[in-house]
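Notes to accompany the following structure.
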Amino acid sequence: MLQNPDLHAMAVNFQMTQVGKHKIKLTNLDKVLFPESGVIKAELVAYYLNIAPTLLRYIRRRALSLIRFPDGIQSHQFFQKDKPDWAPDWIESVPLGKDEKKDYIMATDEASIVWLANMASIELHIRQDRNPNHDRPDFFIFDLDPPEGQPIREVVEIAQQLHEFLVPYGYHPFVKTSGGKGLHIFVPIETKYDYDTMFACVKSLAEEFIGLHPGSCTLKINKEARKGKLLVDIYRNRGSQTIVAPYSVRGREPAPVSMPLAWHQLDDLDDPTIYHVRNVADIVKREGDQWEGFQSYSTPLHTDSDQRKGSTIVLPPSKFYKTPDQLKSYLEKRDFSKTPEPTPSLVETDGDAFVVHRHHASRLHYDLRLEKMVPYYRGQFPKACHTNPVSNGLPSRQSLIRLSICNLTGRSLRINMAAA
DNA sequence: GGTAGCT
DNA sequence: AGCTACCAACGCTTG
DNA sequence: CAAGCG
């Protein structure tokens with residue numbers, strides 16, 4: 001007979017763990033959350049712990065919306081934004097919303113991710129802004145929402161068309177699965193526009209794109225009006241709207257993950273549910289995060305004067321992207337006899353090479369120069385894009401990207417990119 | 001999943 | 001001691 | 001104006 005009433009009540013169905021410097025009580029680890037696939041809570045916690053370092057790149061300092069399924073996906077679910085007053089004091093939060101009366105949960109480290117997972121927070125949704133710039137989004141979204149029964153290959157084709165459409169504006173779109181049949185396209189932007197400005201810009205892009213593909217796409221939410229067409233959902237690009245985070249699990253069978261992909265991986269994507277809670281951590285460990293450097297690709301929003309004209313693109317000034325003309329004047333200004341650096345030069349290689357320079361300028365930093373043979377975009381980079389810094393118009397089909405890596409904090413790296 | 005308020 | 005309620009949000013369209 | 005939808 002157990003004498004301790006607490007011990008009796010809990011039937012020892014919990015265990016303590018420590019993640020970093022925080023102790024966390026994990027409860028009901030054998031509870032089945034996904035009945036068909038048999039995924040239990042221990043697997044959810046393990047997944048989120050393993051993916052945490054990568055996941056945190058996309059959710060750190062973002063107010064979260066949790067979708068929780070404490071008794072599994074067959075039972076009731078609910079949103080949660082407000083931090084409960086019984087949460088550990090090391091769970092960070094930020095007052096937001098009307099009258100700032102809600103204390104939005106933010107994940108800042110692996111421990112907070114594990115705490116969320118133990119709460120059966122299967123889905124993590126994020127805003128497009130990062131604390132403390134809650135009125136300045138740093139990416140925009142196209143949510144490609146196919147009509148019932150549309151084959152995934154048709155969704156892929158539209159995503160690729162949208163990709164090709166956006167690149168000439170200087171944007172650098174990224175794609176991920178939604179976890180269902182949809183695809184999400186994220187486009188990083190500089191953190192200097194309010195939501196209204198961003199939305200107007202996205203809307204004008206979407207309207208032009210739909211004009212090019214009126215038979216297959218629509219902006220109309222109305223069910224009748226969009227019969228059989230894929231909805232290009234731009235309406236999430238507003239403050240207080242959210243979208244499922246990269247690497248979030250979805251609350252349906254077979255526990256799929258919203259999986260960031262490289263564009264070429266769409267070429268043979270037939271079933272988005274091959275990416276799920278049981279294999280994504282291993283895939284990322286083996287093959288890497290396909291959105292690596294996401295933030296470094298941010299660009300200004302385009303303006304009306306940035307319209308493509310003929311075969312020439314006018315890129316807006318950017319601290320990350322340089323046009324060949326801008327680079328030419330930069331290179332002319334450099335005098336390598338006055339610096340201790342070796343003069344950059346092309347090296348005879350198979351195409352892949354790298355050089356690291358220790359560069360003690362106004363701030364100590366390291367320059368990493370990567371040279372890689374890459375095929376033109378999808379084998380046929382549009383002529384209109386020949387001044388894009390990624391292809392750089394080099395006759396040898398070689399792209400050079402200069403990365404300047406500055407160690408600012410001793411812990412994290414800031415990476416600036418420019419074509420070179 | 002954890003708590004509070006009610007019976 | 002057991003039961004239940006709670007846990008988001010907003011513009012837009014439709015009835 | 002409430003309900004439904006994304």
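Lettering follows sequence order; numbering is per chain, from 1.
- Of the two residues near DNA chain B, A/Asp85 and A/Met119, the one whose nearest nucleotide lies more 5' is A/Met119.
- Atom P of nucleotide C/dC10 and atom CG of A/Leu96 are separated by 11 Å, given to the nearest angstrom.
- Contact annotation: A/Ser65 side-chain N/O to C/dA9 OP1/OP2 distance is not under 4.0 Å.
- Closest contact between the side chain of A/Thr27 and the listed nucleotides C/dA9, D/dG6, B/dG2 involves B/dG2.
- Going from the C1' atom of C/dC10 to that of D/dA2 covers 15 Å, rounded to whole Å.
- Rounded to a whole Å, the CG atom of A/Asp82 is 14 Å from the C1' atom of B/dG2.
- A/Lys220 comes within 4.0 angstrom of no nucleic acid atom, judged by non-hydrogen atoms across all strands.
- Distance A/Asp233 CG to C/dC10 P: 17 Å, rounded to the nearest Å.
- Using a 4.0 Å cut-off between charged side-chain N and carboxylate O, A/Asp194 and A/Arg136 make no salt bridge.
- Across C/dA8, B/dG2, D/dG6, the shortest atom-to-atom separation from the side chain of A/Trp86 is found for B/dG2.
- Residue A/Lys98 is classed as having no contact, given no heavy-atom separation below 4.0 Å to the nucleic acid.
- At whole-Å resolution of the value, NZ in A/Lys83 and P in B/dT3 are 15 Å apart.
- The side chain of A/Ser240 lies closest to C/dC10 when the candidates are D/dG6, C/dC10, C/dA8.
- Comparing D/dA3 with C/dA9, their C1' atoms sit 15 Å apart, to the nearest whole Å.
- Both A/Gly239 and A/Phe78 lie close to DNA chain C; mapped to their nearest nucleotides by heavy-atom distance, the more 5′-ward contact belongs to A/Phe78.
- For the pair A/His125 NE2 and C/dC7 C1', the computed distance is 15 Å after rounding to whole Å.
- By the 4.0 Å N-to-carboxylate-O rule, A/Asp143 lies close enough to A/Arg236 to be salt-bridged with it.
- One interatomic measurement links the two molecules: CZ of A/Arg68 to P of C/dA8, which rounds to 11 Å at whole-angstrom precision.
- Spacing between atom CG of A/Asn237 and atom C1' of C/dC10 amounts to 14 Å, rounded to whole angstrom units.
- For an aromatic pair to be called close, the ring centres must be under 6.0 Å apart, and A/Phe186 with A/Phe174 fails this.
- With respect to the salt-bridge test (charged N to carboxylate O, under 4.0 angstrom), the residues A/Lys101 and A/Asp82 do not qualify.
- Closest approach to the A/Arg238 side chain among C/dG11, D/dG6, B/dG2 is made by C/dG11 (side chain taken as heavy atoms from C-beta onward).
- Screening A/Leu66, A/Leu44, A/Val249 for a side chain to side chain contact (heavy atoms under 4.5 Å, CB included) involving A/Ser121 leaves a single residue, A/Leu66.
- The shortest distance between the side-chain N/O atoms of A/Asn222 and the OP1/OP2 oxygens of C/dT14 is below 4.0 Å.
- Separating the NZ atom of A/Lys102 from the P atom of C/dA8 is a distance of 5 Å, rounded to the nearest angstrom.
- A sub-4.0 Å separation between OP1 or OP2 of C/dC7 and a side-chain N or O of A/Tyr104 is absent.
- A/Asn28 comes within contact range of the sugar-phosphate backbone alone, with a heavy-atom separation under 4.0 Å but no base atom that close.
- The distance from atom CD1 of A/Ile59 to atom NE2 of A/His125, rounded to the nearest 0.5 Å, is 11.5 Å.
- Considering only the side chain of A/Asn118, B/dG2 comes nearest among B/dG2, D/dG6, C/dA9.
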